[in-house]
There are 2 protein chains.
Amino acid sequence: MATVPADLIALAGRLADASGAVIRQHFRTPVAVDAKSDASPVTVADRDAEAAIRSLLASEVPGHGVLGEEHGSDNLDAEHVWVIDPIDGTKSFITGRPIFGTLIALLHRGEPVLGIIDQPILGERWLGVAGRPTTLNGTPIRSRACARLDQATFSTTSPDLFEAVEMPLFRRLADGARYTVYGSDCYAYALVASGFIDLVLESGLKSYDWAALVPVLEGAGAQVTDWEGARPRIGETTRILASGDAALHRAALDLLGL
Amino acid sequence: MATVPADLIALAGRLADASGAVIRQHFRTPVAVDAKSDASPVTVADRDAEAAIRSLLASEVPGHGVLGEEHGSDNLDAEHVWVIDPIDGTKSFITGRPIFGTLIALLHRGEPVLGIIDQPILGERWLGVAGRPTTLNGTPIRSRACARLDQATFSTTSPDLFEAVEMPLFRRLADGARYTVYGSDCYAYALVASGFIDLVLESGLKSYDWAALVPVLEGAGAQVTDWEGARPRIGETTRILASGDAALHRAALDLLGL
């Protein structure tokens, strides 16, 4: 796998700086909330944060492609493509809960080689780069050992994520885990990387929801696949399983039984 | 209703300072997690934070009563009784999510006349005192107008809170609301007071889970009752409904239909 040039790592940090400045202006202000075609909420903060990132990309790396949640796709056949979710967890953002995140991924020939999970209110930035240890604000982090589901802390954003046919599979993990917590969006995966959550199961994730998670998790020693145990592919809506411990990941895949 | 003496308001703040100092020492460290008799988690941070509060109460107001989640009850017949949950949201605490809170209530002849919701990692303190506007870090706050459920943002900590017979009532509100968010414990009520969440429904709350919420919510213009619309009583396990807008509260009570 190609190493990521230092100037692109630095650029990724500047992208997160730019989006964070926009988001902080709007946090806990009475922003208007619009409904998108899939009924999910969007605000001026989502739109302007992504625009700030795209503006910087257009001036700094005009040959790169961009895939963003709010403003669509450009030049996806480029060798380098940035995949952006300006606010993952817009419902947390509009309710004033600082556990949403800005997701920034860099794909090289379709593979995520860099990922950022940025929490601009708390000033927390998880950075994963292929071949390097994942860092939180510059300090290397690791997921924790937890091989058994009955010892695991399990997280999902909402039970409403799951289709009716998926609900029994979700319940198998929730009922088998020691504790289940709700409501964290990308922040749950960041906490897997940091060793405070053991397992996350979610459904219906678009490329911009999961691409940045892969380098962050893998660089922390954690596992991330779809529910069948395969690497998810860019462009597909995916069901994601993430685990801090490889043995727990295998046990969870066995329990899902797909 | 008796006004709360300034020295007791100041003491309440010092109690939260003391518990916060303990909690910050343990946040995002690998604390052991024990299971209580009801299977809920408890850590050294819960126990030591409550002990710090009780130690200060014993030296400052030895004649007052104390009811705490972790260390039991003393002198509950006193005119003044402090009701303490050192960490409301222990699952958020152990997963590294800074959306738990320390709850401190002062009862005067059985009525909550002062409440604090303190988030010691973020440095956020909501203070409600009978007859005064609720403040967040000293600045007065108000809940927001939102009369209609289909415009409301609805929050509950977990669907697993509800008994089987309660689940259809929870679903009526969740299905009728514009958005539903999960996972905030007491922090959701603080965000009702601040005007970013409109409605919270929860079940199985002990006195130490809800007593502090009452002055915080009422001093912000919000409503808080049990599911029948009555004022909850100290000592009872209660089902709580909180709303930022009185018309929404009536509409939610009507939908519950109890």
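What's counted below: heavy atoms across the whole structure, side chains too, no hydrogens, waters or symmetry copies. In this text, all values refer to a predicted model and were calculated from it rather than measured experimentally. Each chain gets a letter, A, B and so on, in the order its sequence line appears, and its residues count up from 1.
Here OG1 of B/T180 is found 7.5 Å from CG of B/D175. Values are rounded to the nearest 0.5 Å. Rounding to the nearest 0.5 angstrom, the gap separating the NZ atom in B/K36 from the CD atom in B/E69 is 3.5 Å.
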Subject >> CA sep, side-chain torsions, deciding dist, call: A/H26, A/T43, side chain to side chain donor-acceptor pair (under 3.5 Å) >> reply: CA-CA 9 Å; A/H26 295 289; A/T43 72; over 6 Å; no
Subject >> Candidate pair B/D150 and B/R178, rule salt bridge (Lys or Arg N to Asp or Glu O under 4.0 Å), full reasoning >> reply: CA-CA 5 Å; B/D150 65 358; B/R178 185 172 187 197; over 6 Å; no
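Ring pair A/F93/A/F100 is perpendicular by interplanar angle, where above 60° counts as perpendicular and below 30° as parallel.
Using a 4.5 Å cut-off between heavy atoms, B/Q151 does not touch chain A at all. With a 4.5 angstrom heavy-atom cutoff, B/T153 touches chain A only via side-chain atoms. Contacts between A/T157 and chain B at a heavy-atom distance below 4.5 Å involve the backbone alone (N, CA, C, O). Interface residue A/T29: only backbone heavy atoms are found under 4.5 Å from chain B. For A/R28, the parts lying near chain B are the backbone and the side chain together; criterion is any non-hydrogen pair under 4.5 Å. Both the backbone and the side chain of A/I94 come within contact range of chain B, with heavy atoms under 4.5 Å apart. Contacts between A/S158 and chain B at a heavy-atom distance below 4.5 Å involve backbone atoms as well as side-chain atoms. With a 4.5 Å cut-off on non-hydrogen atoms, A/I121 does not touch chain B at all.
Looking at heavy atoms from C-beta onward, B/L248 lies out of side-chain contact with B/Q223 at the 4.5 angstrom threshold. Within the 4.5 Å cutoff, side-chain heavy atoms of B/P159 are placed close to those of B/Y182.
Residues of residues 187-213 of chain B placed with any heavy atom under 4.5 Å of a heavy atom in chain A are listed by number as B/Y187, B/L191, B/F196, B/I197.
Using modelled atom types, one finds a donor on one side chain and an acceptor on the other under 3.5 Å when comparing A/D46 with A/T90.
The two residues A/E50 and A/E70 have their closest heavy-atom pair at OE1-N, 2.8 Å.
When the candidates A/A35, A/S40, A/P41, A/P30 are compared by the number of heavy-atom contacts under 4.5 Å with chain B, A/P41 comes out ahead.
A donor-acceptor pair is defined here as one N or O able to donate and one able to accept, closer than 3.5 Å; no such pair exists between the side chain of A/D185 and the backbone of A/S92.
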